[in-house]
Amino acid sequence: MSKEITARSEDYSQWYNDLVIKGSLADYSAVRGCMVIKPYGFALWENMRDALDKMFKETGHQNAYFPLFVPKSLFEAEEKNAEGFAKECAVVTHYRLKADPDHKGKLLVDPESKLEEELVVRPTSEAIIWSTYKDWIQSYRDLPLLINQWANVVRWEMRTRLFLRTTEFLWQEGHTAHATEEEAIAETKKMLEVYATFAEEFMALPVIRGVKTESERFAGAVDTYCIEALMQDGKALQAGTSHFLGQNFAKAFDVKFLNKENKQEYVWATSWGVSTRLIGALVMAHGDDKGLVLPPRIAPFQVVIVPIYKGEESKAVIDAKAQEMMKELQAAGIRVKYDDNDNARPGWKFAEYEMKGIPLRLAMGLRDMENKVIELARRDTSEKQVLPMEGLTEKIKTLLEEIQASLYNKAAAYREEHITKADSWDEFIQLLDEKGGFVSAHWDGTADTEEVIKEKAKATIRCIPLHNEKEEGQCILTGKPSAQRVLFARAY
RNA sequence: CGGGAGGUAGUUCAGCCCGGUAGAAUACCUGGUUUGGGACCAGGGGGUCGCAGGUUCGAAUCCUGUCCUCCCGACCA
């Protein structure tokens with residue numbers, strides 16, 4: 001069949017692409033580096049987005065929307081941030097096209113329409129937002145200002161991969177302003193925890209909370225906190241970041257407030273974001289050689305019902321029962337799909353929904369109806385069982401929770417097995433080459449050493465875990481003294 | 001942006017070397033038989049051969065340019 005999936009062991013990259021394309025999450029588009037998110041993929045994103053949005057609101061944030069375009073002069077105001085993104089910015093230079101006099105039906109950029117000031121298509125919105133906050137903030141009474149926006153951003157990437165790295169992607173970016181440093185740091189950490197909770201509880205994706213080293217830090221940030229996840233091929237993936245921006249943007253955009261003592265102070269800032277990249281993480285963390293495996297809490301459909309019938313008459317009987325079950329499941333808050341499409345036969349549907357990662361599948365035929373039972377199959381374990389119809393809804397609710405927990409536990413066990421200590425360079429390289437995963441090793445704390453390791457080992461410091469144990473040791477490369485281990489990995 | 005591969009029916013691909021009426025499988029449509037792990041029979045529709053130039057009596061095939069994709073690197077969420 002055309003829908004066969006490449007095995008992970010054969011070609012991991014191709015396997016990933018197969019899941020995304022054949023699982024109907026996304027498609028390639030006519031635009032270089034950009035993808036089309038298909039309805040099934042977008043439904044997944046909507047579930048993720050809604051859960052996160054609720055968590056943001058529960059922590060006091062409000063949504064707003066800022067422009068796609070950033071005047072170049074604003075963009076360059078915060079120097080480090082501007083430099084950090086300069087190489088990947090799309091720039092609008094003209095605002096009009098006109099008919100090409102030499103080629104009928106073709107258009108030309110109208111040279112008359114050159115913009116006086118170029119517009120940068122936002123790679124992130126700090127500049128436009130902070131220039132706005134300047135007007136919004138006057139006194140300590142305006143603080144904290146807790147804003148989030150759901151938006152698209154553009155980063156001109158050299159090499160793209162569906163969901164993991166595309167030129168345009170969807171994300172949310174929180175931008176907050178605070179009266180004190182302590183409060184801003186607390187906000188940064190709070191939002192990191194929101195991300196970690198979301199990843200673990202909704203995506204069943206265990207993550208390591210940590211701090212980035214200086215060279216991996218967001219341009220313009222004082223500290224970048226992150227959650228790092230581990231994929232099945234042993235590579236790490238940054239799943240979310242939360243930045244303590246200090247007063248860098250406040251100073252760049254002159255955002256001051258009057259404190260209780262009637263004195264002007266610069267505000268303290270944070271920003272934090274997660275993107276559609278999380279979908280890539282989800283695919284690679286749980287998928288198998290049969291297709292996607294989606295965690296019940298965010299799966300577009302949690303249950304699919306496949307009727308098995310012989311002829312119109314039996315179909316009508318099964319339809320009626322299925323509709324009844326649907327109503328009951330929906331009333332219990334379960335997202336369910338009934339596939340009575342007559343074009344495809346049961347076996348085809350089974351394979352199709354396994355590809356799409358629907359957590360539970362119910363198959364029901366006349367025989368089952370006579371016996372008042374139903375066949376239930378679990379996507380994650382491939383287990384099948386025949387259950388009484390009686391009490392089915394409760395059983396399904398329990399099973400969905402079980403699957404959610406089981407996916408998390410499986411991923412967590414894999415990750416635990418793949419955090420390995422290395423105490424010599426040879427061991428370090430061997431672990432990266434042969435085992436993969438995170439390698440916990442000592443590092444002398446300098447950017448130079450980090451750079452050399454990156455070049456030689458093709459691995460980066462993913463993070464310094466929060467609440468890291470202090471342990472005296474010697475740097476894996478230079479042998480210089482080190483106070484703690486950090487996590488290295490090859491990464492996406 | 002460098003190296004490699006590729007773009008022909010909705011999809012997967014053959015045809016290209018050696019120019020001469022565009023093919024297969026599958027999907028789709030119609031009818032029928034079917035339906036408990038990717039059904040079968042019969043009939044049918046569907047392609048400006050990525051796009052633009054050029055060579056030629058004639059181009060999917062040769063030449064040039066360009067766009068898009070995949071894989072591997074460098075850059076990055």
Side-chain angles (χ1 to χ4, degrees), chain A residues 1-6 11-14 16-18 20-22 27-35 84-89 103 105-106 123-124 153-173 195 212 215-219 224 226-229 236-243 272-281 290-291 306-312 314-315 318 339-355 361-369 371 373-375 377 382 384 386 454-455 458 460 462 491-492:
Chain A
M1 280 290 294
S2 61
K3 283 225 168 177
E4 265 168 27
I5 296 169
T6 306
D11 184 342
Y12 193 84
S13 295
Q14 191 54 49
Y16 174 79
N17 287 332
D18 283 355
V20 171
I21 301 286
K22 293 174 181 171
D27 233 331
Y28 297 111
S29 75
V31 193
R32 178 200 256 286
C34 296
M35 64 176 177
F85 282 107
K87 280 183 293 185
E88 41 190 318
C89 285
H103 301 91
K106 302 289 179 188
T124 179
V153 286
V154 168
R155 295 181 188 175
W156 215 262
E157 297 290 350
M158 287 302 146
R159 184 176 172 196
T160 61
R161 301 196 66 186
L162 294 168
F163 288 115
L164 298 174
R165 179 166 295 105
T166 47
T167 298
E168 180 191 17
F169 57 94
L170 304 183
W171 77 344
Q172 59 67 219
E173 46 183 325
Y195 288 156
K212 288 290 188 188
S215 63
E216 296 279 325
R217 191 180 291 158
F218 175 70
T224 289
C226 62
I227 51 172
E228 291 283 328
L237 184 134
Q238 179 175 303
T241 49
S242 183
H243 315 288
W272 27 274
V274 295
S275 71
T276 37
R277 186 181 223 207
L278 285 176
I279 295 175
K290 288 197 287 186
V306 177
I308 293 157
Y309 51 87
K310 299 180 201 288
E312 283 300 314
S314 65
K315 181 171 185 299
I318 295 164
D339 185 355
D340 66 341
N341 181 357
D342 194 45
N343 291 341
R345 294 160 73 265
W348 191 91
K349 291 176 186 176
F350 293 172
E352 180 67 14
Y353 294 117
E354 279 162 5
M355 175 100 68
R361 179 186 73 227
L362 296 170
M364 180 171 58
L366 277 184
R367 207 166 66 208
D368 299 312
M369 289 190 61
N371 299 328
V373 295
I374 194 158
E375 183 193 88
S382 298
K384 273 196 219 177
V386 176
K454 186 178 169 183
E455 245 170 63
K458 304 282 171 211
T460 48
R462 300 318 300 158
Y492 279 97

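Sequence lines set the chain letters: A, B, ... in the order given, protein chains first and strands last, and positions in each chain run from 1.
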What does A:Leu164 touch in the nucleic acid at a heavy-atom separation under 4.0 angstrom: a base, only the sugar-phosphate, or nothing? base
Opposite nucleotide pairing with B:A59, Watson-Crick or G-U, both atom distances under 3.5 Å: none
Does A:Gln238 reach a base, just sugar-phosphate, or nothing at all? Heavy atoms under 4.0 Å. sugar-phosphate
Under 4.0 Å protein heavy-atom contacts per nucleotide of nucleotides 65-72 of chain B, with B for base, S for backbone only and - for none: ---SSSSB
Rounded distance in Å - CD1 (A:Ile21) to C1' (B:G10): 14 Å
Side-chain N,O (A:Lys87) to OP1/OP2 (B:C75) below 4.0 Å: no
Nearest-nucleotide 5' precedence on RNA chain B, A:Thr276 against A:Met369: A:Met369
In whole angstroms, the gap separating P of B:G38 from CZ of A:Arg361 amounts to 12 Å
Could you pull out the protein-nucleic contacts involving nucleotides 43-49 of chain B (nitrogen or oxygen on both sides, under 3.5 Å)?
none

Starting from the 5' end of RNA chain B, give me the residue, A:Gly84 or A:Tyr309, whose nearest nucleotide shows up first. A:Tyr309
Pick out the pairs of N or O atoms, protein on one side and nucleotides 39-41 of chain B on the other, that lie under 3.5 Å.
{"from": "B:A39", "atom 1": "OP2", "to": "A:Arg345", "atom 2": "NH1", "distance (Å)": "2.5"}
{"from": "B:A39", "atom 1": "O4'", "to": "A:Arg345", "atom 2": "NH1", "distance (Å)": "2.9"}
{"from": "B:A39", "atom 1": "N9", "to": "A:Arg345", "atom 2": "NE", "distance (Å)": "3.4"}
{"from": "B:A39", "atom 1": "N7", "to": "A:Arg345", "atom 2": "NE", "distance (Å)": "3.4"}

Applying a 4.0 Å non-hydrogen cut-off, can you work out what A:Gly311 is touching in the nucleic acid: base, sugar-phosphate, or nothing? base
Between B:C63 and B:C16, how far is it from one C1' atom to the other, in whole Å? 14 Å
Let's test this: given Watson-Crick or G-U wobble pairing with both distances under 3.5 Å, identify the partner of B:U66. B:G50
Can a side-chain donor-acceptor contact be found between A:Thr460 and A:Arg462 if the only test is distance below 3.5 angstrom? yes
Separation between the P atoms of B:C41 and B:U26, rounded to whole Å: 9 Å
In this structure, how many angstroms lie between the C1' atom of B:U11 and the CE atom of A:Met355, rounded? 12 Å
Could you work out the separation of B:G50 and B:G31 based on their P atoms and round it to a whole Å? 36 Å
Taking atom C1' in both B:U11 and B:A52, compute the distance separating them and give it to the nearest angstrom. 27 Å
In whole angstrom, give the distance that lies between atom NZ of A:Lys22 and atom P of B:G10. 18 Å
For A:Phe218, report the nucleic acid contact type (base, sugar-phosphate, nothing); a contact means any heavy atom under 4.0 Å. nothing
In whole angstrom, give the distance that lies between atom CD of A:Glu88 and atom C1' of B:C1. 14 Å
So A:Leu237 and A:Leu164, do their side chains get closer than 4.5 Å, heavy atoms only? yes
Could I get the full list of side chain to side chain donor-acceptor pair (under 3.5 Å) partners for A:Thr276, not counting sequence neighbours? none
Strictly by Watson-Crick or wobble contacts shorter than 3.5 Å, is anything paired with B:A25, and which nucleotide is it? B:U11
Presence of A:Lys458 side-chain N/O under 4.0 Å of B:A74 phosphate oxygens OP1/OP2: yes
Any donor-acceptor pair under 3.5 Å between the side chain of A:Glu354 and the base of B:G37? yes
Indicate, yes or no, whether a donor-acceptor pair under 3.5 Å links the base of B:G37 to the side chain of A:Lys290. no
Listed by chain and number, what are the side chain to side chain donor-acceptor pair (under 3.5 Å) partners of A:Ser275, not counting sequence neighbours? none
How far does the P atom of B:G23 sit from the matching atom of B:G15, given to the nearest Å? 16 Å
Watson-Crick/G-U partner (both atom distances under 3.5 Å) of B:A74: none
Tell which nucleotide pairs with B:C17, taking only Watson-Crick or G-U wobble pairs whose two distances are both under 3.5 angstrom. none
Between A:Tyr16 and A:Asp11 (side chain of the first, backbone of the second, donor and acceptor by atom type, cut-off under 3.5 Å), is there such a pair? no
Quote, to the nearest angstrom, the C1' distance that separates B:C28 from B:C72. 38 Å
Looking at every strand, decide which applies to A:Glu455 at a 4.0 Å heavy-atom threshold: base, sugar-phosphate, or nothing. nothing
Give me the distance, rounded to whole Å, that separates B:G43 from B:A24 when you measure between the P atoms they each carry. 14 Å
In terms of side-chain heavy atoms, does A:Ser382 have a donor or acceptor partner in A:Lys290 at a distance below 3.5 Å? yes
Atom CE of A:Met158 and atom C1' of B:G2 are separated, to the nearest Å, by 11 Å
Residue set satisfying ring pair (Phe, Tyr, Trp, His ring centres under 6.0 Å) with A:Phe85, at least two apart, ordered chain then number -> A:Phe218
Assigned partner base of B:G37, Watson-Crick or wobble definition, under 3.5 Å: none
How far does the C1' atom of B:A42 sit from the matching atom of B:G54, given to the nearest Å? 48 Å
